[in-house]
Amino acid sequence: MCGIVGYIGNKSGTGMVLDGLEALEYRGYDSAGIALIDGAKGQVFKQVGRVSGLVKEVSKKKPEARLVMGHTRWATHGGVTVQNAHPQANNRQSIFVVHNGIIENFAEIRAKLKTEGYHFDSQTDTEVIPNLIDFYLKQLPTFEDAFKAALNDVRGAYSIVAVSTKEPETLYAARLSSPLVIGIGKDENFLASDPSAIMEHTKKVIYLEDYDVAVITKSKVSVHNLKQDKQTEPKVELLDYENEQALLGDYPNFMLKEIFEAPATIKTATLGRAQADKNLVKLGGLESVLRQLKFIDRIVIVACGTSYYAGLVGEYLIEELAGIPVEVHLASEFKYRDEPFSRSTVLLAISQSGETADTIAALKKVEDYGVLRLGIVNAVGSTIARMTDAGVYCHAGPEKAVASTKAFIAQVTVLSEIALHLGAESKNNPKLFKALLKELNELPAKAQAVLDTADQIKKVAEKYKDYRDFLFIGRHNAFPSALEGALKLKEISYIHAEGYAAGEMKHGPLAMIDASFPTFAIATDSPLLEKTYSNIQEIRARGGPVVAIATEGNKSIKDLVDDVIYIPKALDELQPVLHATATQLFAYYIAMARGYDVDRPRNLAKSVTVE
Ligand code: F6R
């Protein structure tokens, strides 16, 4: 949440920073701003709304400076106003700060600074930072000392960039639990929340670690770790992926493009890994921990949102194939639990962005437990990818739309590969092992077949676009699909939607059902199909409209429900991939029919870097 970009060099950095902000807009899009330091003068441009508005505004004036930093905001403290947009400045307008994260003790610091004569113009937590630096600058010899003193006072999570009109050649940056990467150029250096904003300019990067404070000029980067209280030798890494600049092509938006990438996503996630011809699964990312994996007797999955629902699919897969007990926890809840944890437990974090604050906090919580920490991550080089002991990348490519689509497909694919990997040795379920491997290879074509029915799904979606509420139901493997289907619908169409285990309907939710409350039933072939039918009957008996996903060839379901979306016959355990493709399209077409911006739903951001 919130994107940061910075430039110092011999050229004017305005264009680079604005382009970078556009690349980072998925992190927040309430408002945006830039600060330019030219000579001893600071100029700030801020706008409410999209980065494109800021670009328009800035291009009228064509300001130039060799030190520029920018920010795209996802509001936490204070409404969406120009006043609250970043950069924030000190009272004397000589120090400018952009910040991602939350300063938890800002009220206390603000009160203290008020007694020192400072005043505050915004409602942000961020505004205390430039003023606190200013306060310390009156007592300490250098800006760096004042910056560090201010950092020592703040509590919370942050990535911060601070600049001063007195030092037009230097960017000061700090990180604690919120990502920040430095790009190394020739006679120029860059800063960004993630490499996508700078990789057009350089592939050489330094990922800042927690408590790092960096001083960056055009020719030098020095890093001091506040916790260790010493200068550290920053490790320069080479970005090992091509400019994965996601381009829209002929698609109207990224969400539709990413939904349609499902077949390619499965293929990439299984390439060289799921080898049906040899009846084996090879996961290079787990090779370094093979010995440890032999001794595990429990897996705890932690994740948020869609990644959590993928985890629920993984729970069934791993338990069935490997016979290892699995628990799935919402990362935001897990970190406050005081549960027993033995060394033979594995913590498996699932995250598309690799930057989700709650998931990072869950991993940090077990840091000293001596347990193996694994990751299923999409964003290469992200915090979670770097802090886990080993893991398997999703390789789904950049996911730009806020609603997660292809990442879910990749996560379930990878989870099934991990289940196969863990199940291979125990030979817990050889029949399922073989069937699952075969299905993984056939799945891209089946996902494509669902996509080929997009026009039919669109017709059904348009019929239901004006309802206020929706219930999604499913049993066993289809239960996580119901939860994920409901999440997708509510986040982009703003229709109230709930996912429920079909068997739970009679324990409460059935009370809500009437003609104005439709149900989306996931009723594909499975040993439990008849039980789901009974639940659908109970809904129909109360006048509730029903849309169902059913397996191709199931004609009888037409007599039971109002509308049917068919998916190809597939192994029960992997059907959630096909359910997801269908429910993603359903949610997408409803949101489009209601006239919403599906790539940037209100109140949300792609990478949730605050708790
Ligand atoms: C839903 C969605 C979110 C994310 C969640 C976790 O469509 O995008 O629920 O799944 O914020 O994000 P990651 O996977 O990046 O940790």
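Every number for a ligand or one of its atoms is a count from 1 in the order of the listing. Quick caveat: nothing in here was measured; it's all calculated off a predicted structure.
Stacking of R386 on the aromatic ring of Y207 is recorded, both the 6.0 Å distance cut-off and the 45° axial limit being met. Taking the ring axis of Y589 as reference, the NZ or CZ atom of R594 does not stay both within 45° of it and closer than 6.0 Å to the ring centre.
By the 30° and 60° cut-offs, the orientation of the rings of F472 relative to F520 is parallel. Ring geometry, F470 versus F586: the interplanar angle exceeds 60°, so the pair is classed perpendicular (tilted spans 30 to 60°).
Scanning all protein heavy atoms for the shortest distance to atom 11 (O) of ligand 1 gives V608 CG2, 3.8 Å. In terms of protein heavy-atom proximity, atom 7 (O) of ligand 1 is closest to E491 OE2, 2.5 Å. Of the protein's non-hydrogen atoms, the one nearest atom 15 (O) of ligand 1 is S353 OG, 2.6 Å. Residue, atom and distance of the protein heavy atom nearest to atom 6 (C) of ligand 1 are C304 O, 3.3 Å. Looking only at protein heavy atoms, the nearest one to atom 3 (C) of ligand 1 is T306 N, 4.1 Å. Closest to atom 16 (O) of ligand 1 among all protein heavy atoms lies T356 OG1, 2.4 Å.
Near S307, meaning under 4.0 Å from one of its heavy atoms, ligand 1 places the atoms 10 (O), 13 (P), 14 (O). Near Q352, meaning under 4.0 Å from one of its heavy atoms, ligand 1 places the atoms 13 (P), 14 (O), 15 (O), 16 (O). Ligand-side atoms of ligand 1 in range of A403: 7 (O), range being under 4.0 angstrom from any heavy atom.
Taking the six-membered ring where the residue is Trp, the centroids of H201 and F190 are separated by under 6.0 Å. The six-membered or imidazole ring of F408 lies away from that of Y309, with a centre-to-centre distance of 6.0 Å or more.
The shortest N or O to N or O distance between Q411 and ligand 1 is not below 3.5 Å. Close N/O approach between V402 and ligand 1 is found [any backbone or side-chain N/O within under 3.5 Å]. In terms of polar-atom proximity, defined here as any N/O pair under 3.5 Å, S351 does make such a contact with ligand 1.
Using a 4.0 Å cut-off between a side-chain N of Lys or Arg and a carboxylate O of Asp or Glu, R175 and D210 qualify as a salt bridge. Electrostatic pairing of R27 and E355 does not count as a salt bridge here, judged by no charged N lying under 4.0 Å from a carboxylate O.
No more than 12 heavy atoms of other residues, nucleotides or ligands shown are found within 6.0 angstrom of OH on Y211.
A heavy-atom separation below 4.0 Å is not found between L604 and ligand 1. Distances from ligand 1 to the non-hydrogen atoms of K488 include at least one value under 4.0 Å.
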